[in-house]
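Note that the numbering runs from 1 along the sequence shown for the chain. Only this structure's heavy atoms are used, side chains among them; waters, hydrogens and symmetry mates stay out.
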Amino acid sequence: MLSRLRSLRRDRDGSRDAGTTLIELIVSMSIFAMFLAVVFGLIGDMTSTMRKTTGIADASMDGRKVFTMLDKQVRYASAINRPGLVGTDWYVEIETTATGTDSCTQWRLRGATDLMQTRSWTVTGGAIVTPAWKTVGTGFVNGAGQQPFTFTPAQAAMQKQRLDVLLVVSKGGNPPGRSLTQTSFVARNTGTKTPSNDDLNSDGQSDNPVCQQVSRS
């Protein structure tokens with residue numbers, strides 16, 4: 001009997017664990033659920049930021065690759081054609097004779113697939129087999145008002161032809177990383193008498209274009 005009384009006294013004093021109530025369990029689970037929601041939200045934000053950062057880096061890399069190639073080609077070019085739009089594709093041709101061999105390089109930005117492509121050929125007296133396109137980069141999303149190639153003819157103030165290039169590149173998931181880069185290239189071996197410089201009709205197109213062995217297609 002004495003032992004039973006002592007046991008009841010301990011229960012009244014709260015010195016004995018009476019267990020967890022349902023309300024306490026629900027409250028604990030709710031707090032834990034909120035904690036998990038915050039953690040997963042932070043992880044999602046970090047993942048999205050990492051995808052966007054990676055996309056920007058990839059976009060910048062593709063843009064720099066195109067600029068590096070154009071820099072080498074335009075710097076020693078003997079003529080640049082005026083860019084043109086065929087359907088949704090932008091074209092421009094670059095002629096080089098610095099090595100003693102007349103060679104042409106054609107660039108194309110495909111509007112339907114956002115591909116930047118190029119192909120080259122050597123100008124000979126005979127027939128030329130149309131070369132295959134080589135894709136240089138993807139995700140080139142130049143939109144309306146963002147013309148990728150802009151030609152400035154040689155003139156009194158600037159006696160060299162110039163090609164301005166604007167590239168908008170988008171890579172990655174949602175949201176994608178986006179890079180916009182613009183620069184000017186000067187063709188050192190051109191001048192006011194370069195054939196493709198002529199625009200006698202003032203229609204924006206050269207009257208003596210170069211690199212006509214392969215069409216814009």
I need the minimum non-hydrogen distance between [X] and [Y], along with the two atoms involved.
| X | Y | result |
| --- | --- | --- |
| Gln146 | Asn142 | O-ND2, 2.8 Å |
| Thr194 | Ala79 | CG2-CB, 3.6 Å |
| Thr130 | Arg119 | CG2-NH1, 3.5 Å |
| Cys211 | Ile94 | SG-O, 3.9 Å |
| Asn81 | Ser196 | OD1-CB, 3.8 Å |
| Asp114 | Val141 | OD2-CG1, 3.5 Å |

Looking only at the side chains, is there a donor atom on one of [X] and [Y] sitting less than 3.5 Å from an acceptor on the other?
| X | Y | result |
| --- | --- | --- |
| Asp198 | Ser206 | no |
| Gln106 | Trp121 | no |
| Trp90 | Gln147 | no |
| Thr122 | Ser103 | no |
| Thr192 | Gln159 | no |

_Donor-acceptor pair, distance only, cut-off 3.5 Å: does the side chain of Lys160 make one with the backbone of Gly191?_
no
How far does [atom1] of [X] sit from [atom2] of [Y], to the nearest 0.5 angstrom?
| X | Y | atom1 | atom2 | value |
| --- | --- | --- | --- | --- |
| Asp62 | Thr181 | CG | OG1 | 11.0 Å |
| Thr152 | Phe185 | OG1 | CZ | 13.0 Å |
| Leu180 | Ser170 | CG | OG | 11.5 Å |
| Phe140 | Thr135 | CZ | OG1 | 10.5 Å |
| Gln161 | Ile80 | CD | CD1 | 5.5 Å |

Practice task
Kindly determine whether Ser78 and Asn189 satisfy side chain to side chain donor-acceptor pair (under 3.5 Å), including the steps that lead there.
Solution key: CA-CA 5 Å; Ser78 55; Asn189 297 323; over 6 Å; no
Q. Passes side chain to side chain donor-acceptor pair (under 3.5 Å), Lys171 versus Ser179? Steps please.
A. CA-CA 9 Å; Lys171 297 274 191 178; Ser179 170; over 6 Å; no
*asked:* Between Gln117 and Lys134, is there a side-chain heavy-atom distance shorter than 4.5 Å?
replied: no
Applied to residues 84-96, the salt bridge (Lys or Arg N to Asp or Glu O under 4.0 Å) test, sequence neighbours excluded, yields Asp89-Arg110, Glu93-Arg216
So disulfide (SG to SG under 2.5 Å) across residues 108-165, not counting sequence neighbours, yields none
